[in-house]
Amino acid sequence: MPAADSMNQLPENDTVFVLFGASGDLSKKKIYPTLWRLKQDFLGPGSRFVGYARSALSAEKVQAAVRPHVRLASPEDEASFAQFWAAHNSFVQGAYDASDGYLALAAHLADIAPNANYIFYLAVPPSVFSAVTAMIRRHVQAPNGFTRVVVEKPFGHDLQSSNALASHLAGLFEESQIYRIDHYLGKEMSQNIIALRFSNRIFGGQLWSNQNVAAVKITFKEPIGTGGRGGYFDPIGIVRDVMQNHLMQLLTLVAMEKPPSLHADDIRAEKVKVLKRTEPIKLEETVLGQYVGDASRDPGEPASQGYLDDPTVPAGSRTPTFATSVVHVKNERWEGVPFIMKCGKALDERKAEIRVQFKPASGDIFSQQAKRNELVIRVQPQEAVYLKIMTKQPGMTSALTETELDLTLTDRFHSSKFPEAYERLLLDVYCGNQHNFVRSDELAEAWRIFTPLLDHIDRTKPQPVPYVFGSRGPVESDQLERRFGHVYSGTYKYPNKL
């Protein structure tokens, strides 16, 4: 069994992981596969997993639902997967808002592991967060170990609802017991940003500041539409679904100052400082879009269908499926540098990246051939860090060409295992490491930045700009970027190594 590093020391006594919403999609597609991998690689023989749901469940039934979402590469994996369910999993049926189920859960936990730690994971709708956490506090605290609660986003709908949820949780648990999970913080390149910035001199000092940086662009693109999930997506929209959490977390990692240590509170304190110096987003510095079908595609293809063609989307909905916003961090390092956040569905590719665009080289002697240097941190897919530079084109010429200094992680570290985001984050929960989780004051500041924009969208329902399924998004987004000094030349293409 591989050892966890110094930041991930597993507890000595056994731990029971209780999964609320054990029959749901998140549980079968992400949480149970992650728990099986952790049990294989890290967790001790006494680890137990208890599923709690309103419907009656069995190990056989849940195993069959989870099986399509795990990769079993050998007969040994097959045997381990079967043993995981037979020996380590059990289930309790009960309502989310009634004591009977929680009393049954408490009795079951006392029976299978009387001296264990408890981790409670809420893979349930936000509407029952308050009821479930109150019942845990009242009936199911670990009598002889720690109790930790993991809460999935969304953490509220706006600043007011987020503060209400935070106040509710603070009345039940200490902040050290609460783990607000954003799976983007568990991705390999998100984890690597702090290492890149603060262990390499070239990424510090004046180079990483408004003295040399022209713009920072943080992008999330999906090549698929809502695909029948409009009932979930439409009340939320792309700003709440992606920008306010995932992209804002990446922004804080790029913009934060060097923390005194790698301790969770030191890192999160620096992130909060960035957010406190960030202005609320303005509607006039935002482009909202909604995808329409590509008329050139065959009628049966997904790309031929627009957002409003999805039968699960309310007729005439103005919910944005695309957004670009300019964020201003008003501190000494970043004042004057636009942070451009762009996210959308039904775009031309799947990609999440951070692009730090530097100012042009001074004193041009190459007849304006030189393009701006860019440091690109590719979060997904094919995790990579590359520096886009200019060089002389080989041969009998003095012309310049664009190329890259490239660290593609899967090429350089081909023998290494790249854990899934949930695998890393759930191991952190077991080990009590909170630096990859969102603190309450951090969450409040993020909502402060976005709530004025979201309130305006909810109240006035502005007409989003149409863009074609499979395109780069609305041209108005490119115009906004140019207005704030980000230059897109379109002459460079990162080599596709997939």
Side-chain angles (χ1 to χ4, degrees), residues 126 152-159 161-162 182-184 187 217-251 280-293 302-303 305-310 312-314 316-327 339-354 379-380 446-447 449-481:
E152 273 276 352
K153 79 173 184 74
F155 313 119
H157 194 72
D158 54 18
L159 180 58
S161 59
S162 176
D182 183 332
H183 76 273
Y184 251 61
K187 290 184 176 292
K217 183 177 178 183
I218 304 172
T219 302
F220 171 92
K221 300 168 82 172
E222 281 187 323
I224 57 174
T226 49
R229 297 182 70 246
Y232 164 80
F233 179 82
D234 196 77
I236 300 172
I238 197 69
V239 177
R240 284 187 176 94
D241 193 37
V242 176
M243 189 181 284
Q244 184 271 339
N245 39 73
H246 301 331
L247 300 195
M248 206 64 194
Q249 286 296 321
L250 295 178
L251 183 150
I281 294 173
K282 302 172 184 175
L283 181 66
E284 58 268 28
E285 296 178 356
T286 297
V287 172
L288 303 174
Q290 187 183 91
Y291 69 89
V292 297
Q305 303 293 304
Y307 180 67
L308 297 180
D309 297 319
D310 185 333
T312 63
V313 171
S317 170
R318 293 189 174 185
T319 295
T321 61
F322 174 98
T324 297
S325 289
V326 180
V327 179
F339 285 77
I340 300 165
M341 297 197 293
K342 174 180 176 179
C343 54
K345 292 183 173 293
L347 295 173
D348 55 340
E349 60 183 327
R350 175 177 176 258
K351 180 173 75 174
E353 69 176 24
I354 301 160
V379 178
Q380 67 179 29
W447 278 118
I449 294 163
F450 278 89
T451 292
L453 173 67
L454 291 168
D455 282 350
H456 184 88
I457 294 171
D458 293 343
R459 187 177 65 255
T460 67
K461 301 191 184 306
Q463 182 67 51
V465 179
Y467 65 96
V468 175
F469 198 127
S471 68
R472 293 183 63 249
V475 295
E476 289 83 351
S477 173
D478 294 334
Q479 293 166 356
L480 178 67
E481 292 179 29

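All values reported here derive from a predicted model rather than from experimental measurement.
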For Glu349, side chain to side chain donor-acceptor pair (under 3.5 Å) partners two or more places apart
Lys221, Lys351

Between Met248 and Phe450, is there a side-chain heavy-atom distance shorter than 4.5 Å?
yes

With Asp455 via salt bridge (Lys or Arg N to Asp or Glu O under 4.0 Å) - residues at least two apart:
none

If you define the side chain from C-beta out and look only at heavy atoms, does anything of Phe322 sit under 4.5 Å from Pro464?
no

Could I get the full list of salt bridge (Lys or Arg N to Asp or Glu O under 4.0 Å) partners for Lys217, not counting sequence neighbours?
Glu481

side-chain contact (heavy atoms from CB on, under 4.5 Å) test vs Cys343 passes for just one of Val242, Ile218, Thr324, namely Val242

Pro223: side chain to side chain contact (heavy atoms under 4.5 Å, CB included) partners, not counting sequence neighbours:
Arg350

Name all residues meeting the salt bridge (Lys or Arg N to Asp or Glu O under 4.0 Å) criterion together with Asp309; count only those two or more places apart in sequence or in a different chain, and write none if there are none.
none

Identified salt bridge (Lys or Arg N to Asp or Glu O under 4.0 Å) counterpart of Arg240 within the set Asp234, Asp458, Asp158
Asp458

Is any side-chain heavy atom of Gln244 less than 4.5 Å from a side-chain heavy atom of Trp447?
yes

Distance-only donor-acceptor hits, side chain of residues 225-233, under 3.5 Å, sequence neighbours excluded:
residue	atom	partner	partner atom	Å
Thr226	OG1	Tyr291	OH	3.3
Thr226	OG1	Asp310	OD2	2.6

Would you mind reporting whether Leu347 and Tyr467 have side-chain heavy atoms less than 4.5 Å apart?
yes

